[in-house]
Amino acid sequence: MNKSLSTAVRIGGHIAESKAFLYIEFLVIAALSTYFYTNQFVMQALIGIEILILVYLFIRKRWVDYIGHYVFFCGISLEFADLLQVDVFYSFKETRLFGLNLGVWALVPITLSMLTKGYPLGQIKSKLKSLYTFIRQYILVLAIAIVMGVLMFIVNDNNVGYLLDWKYFFISQFYLVAVQPIMLILIISTAVCKCEDYHKLEDYFECTLVGIVFCMVVSVLTKNWGDYGGISTLVVGNSVRWIPILLILPLYKEYKNQKKIWIWALIGMLLSLTYNATGKTVLIYGMIPFLFFIHLIKNRDNVKIAFYLLAAPVILMAGIFIVKYLLDNSHLFYVKFRQAVSLIKYMLGITQASFVSDSPKVRIYEIYNIALEYANKPWLLLFGKGLASTARNYMDLHYVGSAFSEAEWNAGLFCTMHETFSKLFLSNGLYGIVFFVTTIAHCIKGWFSSPWIVLGLYWFVISYSYSATMTSIGLSCLVYGLAKADIKK
């Protein structure tokens, strides 16, 4: 047995035996992935070890450990070169074979192996009703989107066959909504039904979030900088958006006594808001104090409710201090905070869409454009226009850099929508909105059963079909969370 394989097997022999070992393993991999992401030799060796770990777990049929490691390896992967100030970088997800990345290839053998004895559809339908509804609707939405997308291409809707590279957009969207997601749904729902140790996935989710925070720590300590519109950011994957969930873990009894989670959560909050803020992240952190209060009311803990109300002025002052500090010391936070405020003003009717900051304005206008597209083609409203379909620029949205591709701007047709609601509205019409609302409703019903359904909901609302790395964590948590909510009923 060669040295690298021996190392992988030794690691595999200890995998998931204790959360402490998982922490150590994941932190080491996170540190190496962050510091050496441009070093071909080191990263290929590291990715080779990651593959060997998966191979070992596959041979031993340790399905839950395999899934957990896949979620981590893919979830912390760097994904977009234009955010890293480099032309070439290396990560698990970006390693390709025959045109497909490891994020896909690593799911193929475990999906085929786990389903050799059949998919437990009957068990899911009878005992996991929320999960069954989600799976059924997801498949129907996908099937309708594929059929309608091809039909729109055949009839050359909006002259799309001449103005855009339709095949490129169709394949890209199909990959993001079908290839990886379907396999994730199958293996995680099967694991919940057939694997007695399925609950260990929660440890993997936790350690993955901590690993993402550690990526930021390593990046800031080593001064490895990325780039966002000319602003220096930390070298960390897209899954950095899930860091706020760490703050709500202690609200659930399984995590309430784990002080280390508070430490990681606060470090993650400070670093993400300072260096990698997004408008949605700002809004989510602003909502967390209200989520705390809702949980206290749900648990009917009158003592803690009274304490929380008495401490409210202090919490408010601390929040104002943190926001002021970040506004003064982080240009990115300043930009994203103003965008979030402008969106809130619009939603409250204080300002018009035309006066909203560019980033949220794009998202508002694309909904208007889709609505006007259906106003002109009402026969498509019920089931939508399918994958790679387009909406014209009815609102005369002015050029906003990378919001859409140059081809889309030049054609006056928008295909790559930014928000889940817009994507489902365009691809699946009213039925897509039904799917959107139904999934949110099931997540809210199961909100108090598991923090991972919250992360899954967060993914579904803001990042559906956006990023493979985000989907590896977000969709996994959504499927697991829905199943956990059904089990606890």
Side-chain angles (χ1 to χ4, degrees), residues 27 30-31 33-35 37-38 72 74-86 89 91 93-94 208-248 263-288 319 322-341 343 357-360 363 401-403 418-419 455 458-459 461-463 466-474:
L27 293 183
S33 299
T34 302
Y35 186 70
Y37 71 99
T38 59
F72 173 73
C74 191
I76 70 162
S77 292
L78 300 176
E79 198 167 13
F80 301 137
D82 56 350
L83 299 179
L84 298 173
Q85 293 185 331
V86 296
F89 68 96
S91 71
K93 184 262 173 183
E94 286 301 296
T208 297
L209 294 184
V210 170
I212 295 169
V213 175
F214 197 62
C215 286
M216 290 192 288
V217 172
V218 172
S219 181
V220 74
L221 291 178
T222 58
K223 298 183 178 180
N224 263 351
W225 303 109
D227 177 81
Y228 180 84
I231 301 173
S232 293
T233 58
L234 298 180
V235 174
V236 64
N238 290 312
S239 298
V240 67
R241 290 169 175 81
W242 308 145
I243 294 305
I245 301 302
L246 280 172
L247 269 180
I248 71 168
I263 297 173
W264 287 112
L266 293 174
I267 293 173
M269 180 181 71
L270 179 61
L271 291 179
S272 63
L273 289 177
T274 303
Y275 296 102
N276 294 79
T278 68
K280 298 182 186 73
T281 304
V282 172
L283 291 173
I284 289 297
Y285 275 118
M287 293 170 58
I288 284 179
I322 292 172
V323 170
K324 186 177 185 307
Y325 171 82
L326 291 170
L327 288 172
D328 293 339
N329 292 276
S330 171
H331 180 64
L332 181 59
F333 179 83
Y334 175 80
V335 171
K336 295 302 178 180
F337 183 80
R338 291 193 62 182
Q339 291 176 356
V341 170
L343 177 61
S357 299
D358 282 345
S359 181
R363 289 153 172 79
S402 59
H418 292 77
E419 305 300 328
L455 194 158
Y458 187 18
W459 166 81
V461 171
I462 74 165
S463 296
Y466 172 71
S467 153
T469 58
M470 297 174 74
T471 296
S472 66
I473 300 175

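- Every residue two or more places apart in sequence or in another chain that forms a side chain to side chain contact (heavy atoms under 4.5 Å, CB included) with S330 is listed here: T274, L332, F333.
- When every heavy atom of K336 is checked against every heavy atom of G279, the shortest pair comes out as CD-N, 3.7 Å.
- Taking all atoms of both residues into account, the shortest heavy-atom contact from W242 to S463 is CH2-OG, 3.7 Å.
- When all heavy atoms of M269 and I243 are compared, the closest pair comes out as N-CG2, 4.2 Å.
- Residue pairs meeting the salt bridge (Lys or Arg N to Asp or Glu O under 4.0 Å) criterion with at least one partner in residues 270-281, sequence neighbours excluded, are K280-E419.
- Residues S33 and I76 come closest through the heavy atom pair OG-CD1, 4.1 Å.
- A heavy-atom distance below 4.5 Å is not found between the side chains of I473 and W459.
- In this structure, the side chain to side chain donor-acceptor pair (under 3.5 Å) partners of E79, at least two apart in sequence or on a different chain, are K93, N238, S467, T469.
- Separation of atoms CD1 (I263) and CG (L266) is listed at 8.5 Å; rounding is to 0.5 Å.
- Here W264 contributes atom CH2 and L246 contributes atom CG; the two are 10.0 Å apart, rounded to the nearest 0.5 Å.
- One N or O on the side chain of T278 and one on the backbone of T281 form a donor-acceptor pair closer than 3.5 Å.
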Test log, rule side-chain contact (heavy atoms from CB on, under 4.5 Å), inputs V236 and I212: CA-CA 7 Å; V236 64; I212 295 169; 3.8 Å; yes
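- Pairing each heavy atom of S359 with each of R363, the nearest pair is O-NH1, 2.9 Å.
- Counting only distance, with no hydrogens or angles, the side chain of S219 and the backbone of L234 share no donor-acceptor pair below 3.5 Å.
- Between the S239 side chain and the G75 main chain, a donor and an acceptor come within less than 3.5 Å of each other.
- Ring-plane geometry between W225 and Y275 is classed as tilted, the angle between the planes lying from 30 to 60 degrees on a 0 to 90 degree scale.
- Looking at heavy atoms from C-beta onward, L247 lies in side-chain contact with Y285 at the 4.5 angstrom threshold.
- Rounding to the nearest 0.5 angstrom, the gap separating the CE atom in M470 from the SG atom in C74 is 12.0 Å.
- Counting all heavy atoms, side chain and backbone alike, G226 lies closest to V235 at N-CG2, 3.9 Å.
- In this structure, CD1 on I284 lies 12.5 Å from CZ on R241, to the nearest 0.5 angstrom.
- Residue L271 holds its CG atom at 8.5 Å from CG of N276, rounded to the nearest 0.5 Å.
- Here the CG atom belonging to N224 is positioned 11.5 Å from the OG atom belonging to S232, to the nearest 0.5 angstrom.
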